[in-house]
Amino acid sequence: MIVVNSVSGLRGKLDTLKPSLLGFVPTMGALHEGHISLAARAKKDCPVMVVSIYVNPTQFNDKEDLKNYPRTIQSDIRLLKKHLRKNDIVFIPDDREIYPEPGTRKFSFGSLDRVMEALHRPGHFNGVAQVVSRLFEIVKPDIAYFGLKDFQQVAVIKSLVRQLSMKVRIEACPIIRESDGLAMSSRNRLLEPDIRRRAPVIRRTLIKAAEMINTKDIGGIRDYVKKTIELEKDFEVEYFEIADDEKLIPVSDRSEMKRDKRYYGCIAVRAGRIRLIDNIEITLA
Ligand code: PAF
C-alpha cells in the first residue's frame with residue numbers, strides 16, 4: 001500500500017500505474033468495518049483503488065461537530081494495511097491540497113435540498129458536493145463506492161455526477177452493522193457507554209416500522225417511531241420519513257406509494273450529544 005499526501009504525488013503514482021479500472025473510496029477516517037466493506041468491493045472490481053482520508057470542513061454545519069470528529073490517522077493506516085494491496089493508494093491530503101482556493105462552488109439538488117438531512121443540516125450537502133467533486137477531479141476514478149447508511153448523500157452524489165457529466169459510476173453499498181444492530185458509523189465511538197448500550201433501539205424500531213406499513217397509516221407509524229425511541233432517556237428523534245430512493249420525497253399516506261418504486265424509512269436521532277442516522281427498506285405486501 002502506498003501513502004501519499006499531495007495531489008501531485010497521487011497523480012504521479014497513478015500515471016505510473018495506469019490501472020485499467022480505478023476504484024475510489026472517499027472517507028473522513030475513523031475507519032470501521034463499514035469502510036472496509038467498501039474497500040473490499042473496490043478490491044473485487046478494480047485492480048487499483050484509492051482510499052482518501054480527509055475531514056472536510058465545508059460539510060460541517062456545526063463547528064463543535066467538526067472539532068469533535070474522531071481523527072485516528074495512525075490506526076486508520078494500520079487497518080488499511082491489512083486490507084489493501086501493494087499498489088493501492090491511501091491519499092491523506094491537507095486543506096491546502098483540497099482547497100487551494102476557498103471552497104465556493106454552489107450546487108443545487110432540487111427536492112433533495114428540501115428534505116431530511118438537508119433541512120436539519122443546512123449547507124451540509126453543498127459541502128459534500130464541493131469535496132466529492134474536487135476529489136473526483138483529482139482522483140479521476142472509474143467507480144466510487146459509498147455506504148447506504150448515508151442514504152441521502154448517495155442520492156445527492158448521483159445527482160452531482162449527472163449535473164457535472166462526470167464519467168464515474170457510483171456504487172451504493174449495504175449498511176454494515178454492529179452485532180446488536182447499530183449501523184456502523186465513525187461517530188459511534190463518541191457515544192457515552194450508557195447511550196451506546198441503548199442505541200440499538202433505533203434499528204429495532206425501524207424493523208417494527210417496516211412491518212407496520214401494511215397495517216397502520218403513515219402518521220401512526222411516525223408516532224410509534226418517535227414515542228418508542230424517545231422512551232429512552234436522552235434520545236430525541238429529529239425526523240423519521242418514508243421516502244422514495246430517487247427524489248426522496250416523503251410520503252404522508254400509503255396511497256402515494258407506487259409499487260414500481262423503492263421506499264426507505266429514514267431517521268435521524270440525537271442520542272445524547274451525538275447525532276445518528278439510519279434507514280430501512282419499506283415494502284408494501
Ligand atoms: O461519507 C463521508 O464520509 C463523507 O461525507 C465523504 C463522502 C467522504 C465526503 O467528505
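We use all heavy atoms of the structure for the numbers below, so side chains are in, but hydrogens, waters and symmetry mates are not.
- Counting heavy-atom neighbours within 6.0 Å of Glu281 CD, excluding the residue itself, gives a total above 12.
- Taken together through direct or relayed side-chain contacts under 4.5 Å among Ile, Leu, Val, Met, Phe, Trp and Tyr, Leu231 and Phe240 form parts of separate hydrophobic clusters.
- Under a 4.0 Å N-O distance rule, the pair Lys81/Asp88 does not qualify as a salt bridge.
- Residues Ile89 and Leu10 are in side-chain contact: their nearest non-hydrogen atoms beyond the backbone lie under 4.5 Å apart.
- Remark: Arg262 does not engage Glu246 in a salt bridge, criterion side-chain N to carboxylate O under 4.0 Å.
- The aromatic rings of Phe146 and Phe136 sit perpendicular, their planes meeting at an angle over 60°, well past the 30° parallel limit.
- By the 4.0 Å N-to-carboxylate-O rule, Arg273 lies too far from Glu64 to be salt-bridged with it.
- With contacts defined as side-chain heavy-atom distances shorter than 4.5 Å, the pair Ile267/Ile277 does not qualify.
- At distances below 3.5 Å, not a single donor-acceptor pair connects side-chain atoms of Arg222 with backbone N or O atoms of Ser252.
- Applying the ring-ring contact (aromatic ring centres under 6.0 Å, His included) criterion to Phe151, with sequence neighbours excluded, gives Tyr264.
- Judged purely by atom type and a 3.5 angstrom limit, Thr228 has no side-chain atom pairing as donor or acceptor with the backbone of Val225.
- Residues Val115 and Val251 do not share a hydrophobic cluster, clusters being chains of Ile/Leu/Val/Met/Phe/Trp/Tyr side chains in contact below 4.5 Å.
- Formation of a donor-acceptor pair under 3.5 Å by the Asp245 side chain with backbone atoms of Tyr263 is not found in this model.
- The environment of CZ in Arg96 is sparse: at most 12 heavy-atom neighbours from other residues, nucleotides or ligands sit within 6.0 Å.
- Atoms CD and CZ, from Glu232 and Arg198 in turn, are 5.0 Å apart once rounded to the nearest 0.5 Å.
- Ile213 has its side chain within reach of Met257: a pair of non-hydrogen atoms, C-beta onward, lies under 4.5 Å apart.
- In plain terms, the two heavy atoms of Ala118 and Phe125 that are nearest each other are N-CE1, 3.8 Å.
- Using a distance-only test at 3.5 Å, with no hydrogens or angles considered, a donor-acceptor pair links the side chain of Asp180 to the main chain of Leu182.
- Side-chain contact between Glu238 and Val269: absent, with no pair of heavy atoms (C-beta onward) separated by less than 4.5 Å.
- Proximity of a side-chain donor or acceptor of Lys140 to a complementary backbone N or O of Glu137 within less than 3.5 Å is detected.
- Follow the hydrophobic side-chain contacts under 4.5 Å out from Ile207 and you reach Tyr224 in the same cluster.
- Within a 6.0 Å sphere centred on NZ of Lys13, other residues, nucleotides and ligands contribute 12 heavy atoms or fewer.
- Separation of atoms CZ (Arg105) and CD (Gln130) is listed at 8.0 Å; rounding is to 0.5 Å.
- Looking at Ile98 and Leu135, their side chains come closer than 4.5 Å, going by heavy atoms from C-beta outward.
- Remark: the Thr27 side chain and the Tyr54 side chain contain no N/O donor-acceptor pair separated by less than 3.5 Å.
- With hydrogens and angles disregarded, a donor-acceptor distance shorter than 3.5 Å links the side chain of Arg254 to the backbone of Lys216.
- Met1 is listed as a side-chain neighbour of Ile77, based on a closest heavy-atom distance under 4.5 Å.
- Between Ser6 and Glu97, the side chains place no donor N or O within less than 3.5 Å of an acceptor N or O (distance only, hydrogens not considered).
- Cluster annotation: Phe60 is not connected to Met116 through the hydrophobic network of ILVMFWY side chains, with a link wherever side-chain heavy atoms come within less than 4.5 Å.
- Under 4.0 Å is where a charged nitrogen must lie from a carboxylate oxygen, and between Glu33 and Lys82 no such pair does.
- Residues Ala42 and Val25 share a closest heavy-atom pair of CB-CG2, 4.2 Å.
- A salt bridge between Glu171 and Arg169 is present, with a side-chain N of the basic residue lying under 4.0 Å from a carboxylate O of the acidic one.
- No salt bridge links Glu236 with Arg275; every basic N to acidic carboxylate O contact stays at or beyond 4.0 Å.
- Without hydrogens or angle criteria, Asn279 side chain to Gly265 main chain gives no donor-acceptor distance under 3.5 Å.
- Between Arg41 and Cys173, the shortest heavy-atom contact is NH1-SG, 3.8 Å.
- Between the side chain of Lys43 and the main chain of His83, a donor-acceptor pair closer than 3.5 Å is present.
- A donor-acceptor contact shorter than 3.5 Å links the side chain of Asp217 to the backbone of Gly220.
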Enumerate donor-acceptor pairs with a distance under 3.5 Å from any side-chain N or O in residues 153-165 to protein atoms, sequence neighbours excluded.
residue	atom	partner	partner atom	Å
Ser159	OG	Gln163	NE2	3.2
Gln163	NE2	Ser108	O	2.9

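- A salt bridge is defined here as a Lys NZ or Arg NE, NH1 or NH2 lying under 4.0 Å from an Asp or Glu carboxylate O, and Lys226 with Asp223 fails to meet this definition.
- In this structure His124 satisfies the ring-ring contact (aromatic ring centres under 6.0 Å, His included) test with no other residue, sequence neighbours excluded.
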May I have the step-by-step check of salt bridge (Lys or Arg N to Asp or Glu O under 4.0 Å) for Arg187 and Asp65, ending in yes or no? CA-CA 10 Å; Arg187 287 187 172 85; Asp65 189 24; 2.8 Å; yes

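- Ring pair His35/His32 is tilted by interplanar angle, where 30° to 60° counts as tilted.
- At a threshold of 4.5 Å between non-hydrogen side-chain atoms, the residues Tyr239 and Glu117 count as touching.
- Side-chain contact check for Tyr99 and Asp94: no donor-acceptor pair (N or O, by modelled atom type) lies under 3.5 Å.
- For Ala210 against Ile280, the heavy-atom pair with the smallest separation is CB-CD1, 4.1 Å.
- Remark: side-chain polar atoms of Asn188 are paired, donor with acceptor, to backbone N or O of Ala183 under 3.5 angstrom.
- Between Arg71 and Asp76 no salt bridge is recorded (no basic side-chain N to carboxylate O distance below 4.0 Å).
- A side chain to side chain contact (heavy atoms under 4.5 Å, CB included) with Tyr145 holds for exactly one of Ile170, Val51, Asp45; it is Asp45.
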Evaluate the side chain to side chain contact (heavy atoms under 4.5 Å, CB included) criterion for residues Ile195 and Glu192: first the C-alpha distance (whole Å), next the side-chain angles of each, then the deciding distance (0.1 Å), finally the verdict. CA-CA 5 Å; Ile195 301 256; Glu192 287 156 32; 4.2 Å; yes

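- Considering only heavy atoms from C-beta on, Leu22 stays 4.5 Å or farther from Leu17 through its side chain.
- Considering every non-hydrogen atom in both Pro47 and Ser20, the closest pair reads CG-OG, 3.6 Å.
- A salt bridge links Arg177 to Asp278: at least one charged side-chain nitrogen sits closer than 4.0 Å to a carboxylate oxygen.
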